[in-house]
Amino acid sequence: MTAEMVTPAWMHEQITAEEYESWSEGQCAGIEIVDGMVVVRPSASKRHNRLARILANALDTAAGPEWNADTDFDVRLQDVPLTYRRPDVVLYRADTIGITPTGPEHVLLVAEVVSPGSETTDRIVKVDQYAKAGIGFYWRIEQAATGVPLAYTYVLAPATKTFRDGDMFTGVLKAAAPFPVEIDLGQI
């Protein structure tokens with residue numbers, strides 16, 4: 001049995017923003033759109049989901065009423081070719097909660113929790129995509145073999161649309177940018 005026999009035809013064709021926006025929330029769950037093509041995301045582990053939730057809760061508290069931090073929703077990075085990513089954590093302007101799609105102009109920070117199978121995408125591909133979209137901050141959380149997560153922070157250099165390395169944290173993330181926050185990553 002070949003992949004073409006199992007997967008629907010739309011997974012082999014470039015889709016438009018209009019087509020994607022016509023899909024139900026259930027159809028969009030567990031996928032991302034990269035250069036117009038559907039990319040299936042593997043299910044996250046409990047550890048992965050818990051770490052993302054701890055991070056989102058801490059960011060939501062630290063950010064105050066002007067910002068919201070949430071997990072698991074689409075950010076439209078570009079229109080042509082269509083690219084939607086679903087970061088593990090998104091910090092976005094609170095006054096844009098009803099605006100769809102969420103674009104990079106609404107987002108201050110995205111964070112990805114690296115899992116087996118997403119290493120290259122989270123360490124290389126998404127870094128470039130988020131920077132080119134103009135998102136100000138990118139945090140990458142690595143689930144280290146020691147059990148104590150590592151957090152790498154990146155800050156956008158607007159002139160070059162690339163990220164420059166920020167700080168690296170282990171155990172407790174004490175970032176000053178985009179606002180002071182302290183997150184105990186060892187809570188998982």
Side-chain angles (χ1 to χ4, degrees), residues 15-39 41 44 48-49 51-114 118 121-141 151-166 173 175-181 183:
I15 64 165
T16 66
E18 294 77 26
E19 289 172 315
Y20 183 74
E21 289 166 6
S22 73
W23 294 355
S24 71
E25 197 172 309
Q27 287 173 296
C28 297
I31 66 168
E32 293 179 321
I33 308 296
V34 179
D35 295 333
M37 302 301 290
V38 173
V39 177
R41 294 176 1 142
H48 178 281
N49 289 339
L51 192 50
R53 187 169 42 86
I54 287 168
L55 186 60
N57 290 346
L59 285 169
D60 206 40
T61 300
E66 294 178 9
W67 298 95
N68 292 335
D70 283 313
T71 60
D72 200 33
F73 72 86
D74 292 335
V75 177
R76 186 187 209 160
L77 299 180
Q78 68 184 33
D79 294 334
V80 178
L82 183 63
T83 300
Y84 269 95
R85 286 295 189 179
R86 189 171 281 230
D88 293 315
V89 178
V90 180
L91 182 67
Y92 61 97
R93 290 194 338 254
D95 62 354
T96 65
I97 195 165
I99 295 175
T100 303
T102 299
E105 67 275 14
H106 308 129
V107 175
L108 179 62
L109 178 147
V110 293
E112 295 286 356
V113 177
V114 179
S118 73
T121 301
D122 291 343
R123 292 179 186 148
I124 299 169
V125 178
K126 288 184 179 180
V127 175
D128 185 54
Q129 290 175 335
Y130 294 146
K132 284 182 177 161
I135 294 173
F137 299 89
Y138 176 63
W139 291 357
R140 188 183 81 234
I141 313 301
Y152 299 86
T153 64
Y154 302 88
V155 179
L156 183 68
T160 60
K161 290 266 185 152
T162 59
F163 284 118
R164 64 176 172 77
D165 291 345
L173 190 151
F179 41 77
V181 64
I183 304 166

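Remember, predicted model here, so these are calculated numbers, not experimental data.
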- Could you tell me whether a side-chain N or O of Thr61 sits under 3.5 Å from a main-chain N or O of Asn57, the two making a donor and an acceptor? yes
- Item | Test item: Pro81 and Met37 side chains (from C-beta on) under 4.5 Å apart, heavy atoms | no
- Interatomic spacing from CZ in Arg53 to CG in Asp72 - rounded to 0.5 Å: 13.5 Å
- Query: Where do Ala56 and Thr71 come nearest, in terms of heavy atoms and distance?
  - Reply: CB-CG2, 3.8 Å
- Task: Could you tell me whether the side chain of Ser118 and the main chain of Thr121 form a donor-acceptor pair under 3.5 Å?
- Result: no
- Query: From Leu77 CG over to Lys126 NZ, what is the distance, rounded to the nearest 0.5 angstrom?
  - Reply: 9.5 Å
Scan the side chains in residues 127-141 for donor-acceptor partners under 3.5 Å anywhere in the protein, sequence neighbours excluded, and list what turns up.
{"from": "Asp128", "atom 1": "OD2", "to": "Lys132", "atom 2": "NZ", "distance (Å)": "3.1"}
{"from": "Gln129", "atom 1": "OE1", "to": "Arg85", "atom 2": "NE", "distance (Å)": "2.7"}
{"from": "Gln129", "atom 1": "OE1", "to": "Arg85", "atom 2": "NH2", "distance (Å)": "3.1"}
{"from": "Tyr130", "atom 1": "OH", "to": "Glu112", "atom 2": "OE2", "distance (Å)": "2.6"}
{"from": "Tyr138", "atom 1": "OH", "to": "Asp122", "atom 2": "O", "distance (Å)": "2.6"}
{"from": "Arg140", "atom 1": "NE", "to": "Glu142", "atom 2": "OE2", "distance (Å)": "2.6"}
{"from": "Arg140", "atom 1": "NH1", "to": "Tyr154", "atom 2": "OH", "distance (Å)": "2.5"}
{"from": "Arg140", "atom 1": "NH2", "to": "Glu142", "atom 2": "OE2", "distance (Å)": "3.4"}

- Message: If the condition is ring-ring contact (aromatic ring centres under 6.0 Å, His included), which residues does Tyr152 pass it with, not counting sequence neighbours?
- Response: none
- Least distance between heavy atoms, Ile183 atom then Leu55 atom: CD1-CD1, 3.3 Å
- Query: Tyr92 versus Val75: any side-chain heavy-atom pair under 4.5 Å?
  - Reply: no
- Sub-3.5 Å donor-acceptor pair from the side chain of Thr83 to the main-chain atoms of Asp35, do we have one? yes
- Starting at CD1 of Ile31, measure out to CZ of Arg86 and round the result to the nearest 0.5 Å. 7.5 Å
Anything under 3.5 Å between a donor and an acceptor, one on a side chain of residues 96-110, the other on a protein residue two or more places apart or in another chain? List them.
{"from": "Thr96", "atom 1": "OG1", "to": "Arg93", "atom 2": "O", "distance (Å)": "2.7"}
{"from": "His106", "atom 1": "ND1", "to": "Gly103", "atom 2": "N", "distance (Å)": "2.8"}

- Query: Considering all heavy atoms of both residues, which atom of Ala69 and which atom of Asp60 are nearest to each other, and what is their separation?
  - Reply: N-OD1, 3.0 Å
- Query: Does Thr153 reach the side chain of Val155, with side-chain heavy atoms less than 4.5 Å apart?
  - Reply: no
- Query: Donor-acceptor pair, Glu32 side chain versus Val39 backbone, under 3.5 Å?
  - Reply: no
- Should the pair Tyr84 and Tyr20 be assigned to parallel (<30°), tilted (30 to 60°) or perpendicular (>60°) ring geometry? tilted
- Within a strict 4.5 Å, meaning less than it, do heavy atoms of the Leu91 and Asn68 side chains meet? no
- For Ala94 and Pro65, work out which heavy atoms get closest and say how close. CB-O, 3.4 Å
- For Val89 and Ala52 the tightest heavy-atom approach is CG2-O, 3.3 Å
